[in-house]
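Everything on this sheet refers to the single structure shown next.
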Amino acid sequence: MLPILHDFQATFGCIPAPAVPFIAEALNLTRAEVHGVVTFYHDFREKPAGRHVLKICRAEACQSMNGEAVARQVLDRFGLDWGGTTPDGRLTIEAIYCLGLCSCGPSAMLDGQPIGRVGASTIDDISREVGR
Amino acid sequence: MTKIFVPCDAAARAVGADRVALAIQQEAARRGVTLDLVRNGSRGLFWLEPMIEVETPAGRIAYGPVTPSDVSALFDGGLLDGGVHALRIGRPEDVPFLKRQTRLTFARCGIVDPLSLNDYRAHGGYRGLARARELGPVGTVQEMTASGLRGRGGAGFPTGIKWKTVADTSADRKYIVCNGDEGDSGTYADRMLLEGDPFVLIEGMTIAGYAVGATKGYIYVRSEYPDAIRTMERAIVLAEAAGLLGAEAGFDLEVRVGAGAYVCGEETSLLESLEGKRGQVRAKPPLPAHKGLFGKPTVINNLVTLATVPAVMADGAKAYADLGMGRSRGTMPIQIAGNSKHGGLFEAAFGLTLGEIVDDIGGGTASGRPVRAVQVGGPLGAYFSRALFDTPFDYESFAARDGLIGHGGVVVFDDTVDMARQARFALEFCAIESCGKCTPCRIGSVRGTETMDKVIAGDRREANLALVEDLCQTLKFGSLCALGGFTPYPVMSAIRHFPEDFGRPRLAAAAE
Ligand SMILES: Cc1cc2nc3c(=O)[nH]c(=O)nc-3n(C[C@H](O)[C@H](O)[C@H](O)COP(=O)(O)O)c2cc1C
Ligand code: SF4
Ligand code: FES
């Protein structure tokens with residue numbers, strides 16, 4: 001079922017509620033089973049995210065590089081808290097636990113593109129990229 | 001035509017490798033020179049990334065860390081002939097960080113074009129499978145057992161014994177599952193191989209299939225690794241086209257993508273996830289080797305374990321087993337991460353001390369401040385203080401000090417670290433990632449986080465610390481898997497080795 005859910009999310013930006021009975025029927029499962037799977041995994045959203053999604057690593061190797069303070073700067077810059085989306089729907093910022101870039105921390109990922117050594121100048125780059 | 005290498009590794013891209021590659025192409029075009037730009041994997045010297053290399057008669061010459069604005073001056077200095085420039089490193093093999101390594105699993109990573117089968121073959125690829133076919137399935141399993149290779153996913157179970165169990169179980173279908181979930185903070189060895197040498201995994205899994213009689217394999221990769229997924233999928237298509245996978249080869253492979261759940265790295269949870277279910281941990285027995293994916297006998301191994309198989313088979317069990325110490329044979333790709341001056345992938349025989357890894361090889365911290373704490377083995381691994389830097393890097397020595405080597409991640413912290421916050425994070429992480437099956441792990445971790453908040457706030461510190469210590473006992477004995485069961489390692493090691501961060505008296509140096 002995971003490949004199907006990934007496809008849905010790639011197309012709609014989330015797993016829309018009406019999709020659940022549809023998937024359940026196609027896979028011969030109950031709605032509860034499908035709902036259980038969707039909610040178990042952190043990746044699947046029930047609502048679409050902003051046009052850009054910035055995932056910031058909050059795991060230990062990035063913590064050791066002052067990642068929490070840097071993350072705070074990024075959140076403040078866009079006036080967001082973890083999981084929040086800007087009112088204009090441009091950007092969602094989410095927490096993630098390790099991107100495998102742990103020797104180039106603090107790390108982040110913008111729309112699937114890896115960003116390492118996040119600091120003042122990379123934050124400016126991110127701003128430019130999302131147009132804010 | 002001059003060959004220039006610019007890594008496509010996600011960590012190199014994260015620090016600008018794509019922009020450097022583009023700048024090189026533009027500069028070459030401007031100067032009217034044609035060159036062959038290869039996107040290789042990373043050599044794993046991350047403080048030097050983006051590290052580019054030029055092929056010259058004297059061997060490959062490296063430069064780094066390169067930014068797009070350096071490119072023009074590099075060309076002026078004679079980049080294409082390995083000419084001088086402030087960023088010139090020389091031959092990568094002569095850099096002490098690489099020179100001191102024994103690269104078996106990572107022999108090709110950073111050297112070859114990851115998607116060139118010709119490169120793969122030219123650098124020893126498919127010698128392991130050829131030798132496995134000479135030895136036959138039984139001989140292959142024996143060879144794996146004799147090599148002493150133990151699972152690199154954390155538990156350290158002997159690979160040959162796991163394979164024998166599956167080989168001896170008869171069934172109409174068997175599976176090989178590669179655990180590429182790599183959720184541990186501070187680790188990226190799986191990712192580097194997927195991006196830098198994907199064919200080694202294909203060969204390793206093909207050998208595993210041949211040895212145990214399985215015809216189908218799945219590679220479960222975490223969704224946080226989009227580059228790795230893309231490269232691996234392309235490699236599979238190329239291998240199929242070359243008849244190295246598919247009907248002719250008698251072995252099929254498929255990539256499956258996780259969905260952001262740390263616990264899915266636990267093998268039974270991963271199997272549930274592959275079956276399309278919630279990634280809840282299954283009780284053992286039955287072992288996956290008897291009843292695994294879809295109830296069939298299944299070899300589930302870590303990605304590094306499987307990627308090590310071709311090297312073991314190609315050069316023989318003895319060559320591999322001759323390396324290492326005690327019951328930890330062969331090499332381990334150590335990932336030096338976090339606040340390290342020379343962070344990167346260091347593959348070496350077991351037995352280096354933690355101090356050698358952190359101070360000599362890693363060169364201390366990136367911040368230039370003193371090293372204070374090191375977490376080894378991911379979020380479930382213990383924190384070590386400098387007093388424990390004589391611990392040799394092997395499974396048993398770390399266990400003897402209430403720690404674990406896990407997947408080989410070594411995360412360095414400087415003296416600004418607050419160990420009470422690190423202990424709190426370990427509990428919070430357990431709460432976030434719990435699969436929900438066991439009460440101590442699901443609920444206890446939430447209570448533990450709150451209690452640790454009180455400790456940090458200075459609210460009845462001793463009483464609350466005692467509560468945390470009690471909770472750790474409950475977690476240790478009342479958890480079905482190591483997510484709950486090992487969370488006490490980081491928590492208790494932080495309290496024990498860094499008492500002053502918890503409002504307790506500092507350890508006397510001699511007693512430390
Ligand atoms: C919470 C948890 C997370 C785990 N994560 C991983 C992982 O990301 N990769 C991995 O190979 N093993 C992981 N393991 C260990 C696996 O359960 C299993 O031991 C391993 O895949 C077996 O392969 P090996 O024998 O080659 O090491 C994890 C275990 C637990 C309890
Ligand atoms: S210890 Fe935690 S993660 Fe492991 S099975 Fe129990 S509830 Fe699930
Ligand atoms: S800990 Fe942040 S990328 Fe690994």
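The sequence lines fix the lettering, A, B, ..., with proteins before strands; numbering per chain opens at 1.
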Where is the tightest heavy-atom contact between A:C98 and B:G186, given as atom of each residue plus distance? SG-N, 4.1 Å
Taking all heavy atoms of B:S185 and all of A:E60, pick out the closest pair and write down the distance. CB-OE1, 3.1 Å
Step-by-step side chain to side chain donor-acceptor pair (under 3.5 Å) determination, B:S223 to A:Y41: CA-CA 11 Å; B:S223 59; A:Y41 295 96; over 6 Å; no
Under 4.5 Å from any heavy atom of chain A, what part of B:D184 do you find: side chain, backbone, both or neither? backbone
Quick one: are the ring centres of A:Y97 and B:Y262 less than 6.0 Å apart? no
Search all heavy atoms of B:G338 against all heavy atoms of A:M65 and return the closest pair with its distance. O-SD, 3.6 Å
Which portion of A:L99 sits near chain B, non-hydrogen atoms under 4.5 angstrom: both
Is chain B contacted by the side chain of A:Q113, its backbone, both, or neither, given a heavy-atom distance below 4.5 Å? side chain
As an exercise, state the distance from OH of B:Y188 to SG of A:C104, rounded to the nearest 0.5 Å. 8.0 Å
Below 4.5 Å, heavy atoms only, C-beta onward: do A:S103 and B:W47 meet side chain to side chain? no
Nearest heavy-atom contact between B:A14 and A:L101 is CB-CD1, 4.1 Å
Just do the side-chain contact (heavy atoms from CB on, under 4.5 Å) check on A:S64 and B:V412 with the steps written out, would you? CA-CA 7 Å; A:S64 77; B:V412 181; over 6 Å; no
Looking only at heavy atoms, which two atoms of B:F425 and A:A59 are closest? And how far apart? CZ-CA, 4.2 Å
Give the intermediate values and the outcome of side-chain contact (heavy atoms from CB on, under 4.5 Å) for residues A:Q63 and B:Q422. CA-CA 9 Å; A:Q63 292 167 12; B:Q422 298 311 119; 2.8 Å; yes
How about A:P3 and B:R256: do any of their side-chain heavy atoms sit closer than 4.5 Å? yes
Contact class of B:V263 relative to chain A, heavy atoms under 4.5 angstrom: side chain
Which portion of B:R13 sits near chain A, non-hydrogen atoms under 4.5 angstrom: both
Any non-hydrogen side-chain atom of B:C435 less than 4.5 Å from a side-chain atom of A:F40? yes
Side chain from CB out, backbone as N, CA, C, O: work out which of these in A:T39 comes under 4.5 Å of a heavy atom of chain B, or both, or neither. side chain
Hey, is the main chain of A:G36 close enough, under 3.5 Å, to the side chain of B:R278 for a donor-acceptor pair? yes
Out of curiosity, B:E275 CD to A:L2 CG, how far, rounded to the nearest 0.5 Å? 12.0 Å
Return the minimal non-hydrogen interatomic distance between A:H42 and B:A261, and the atom names on each side. CD2-CA, 4.3 Å
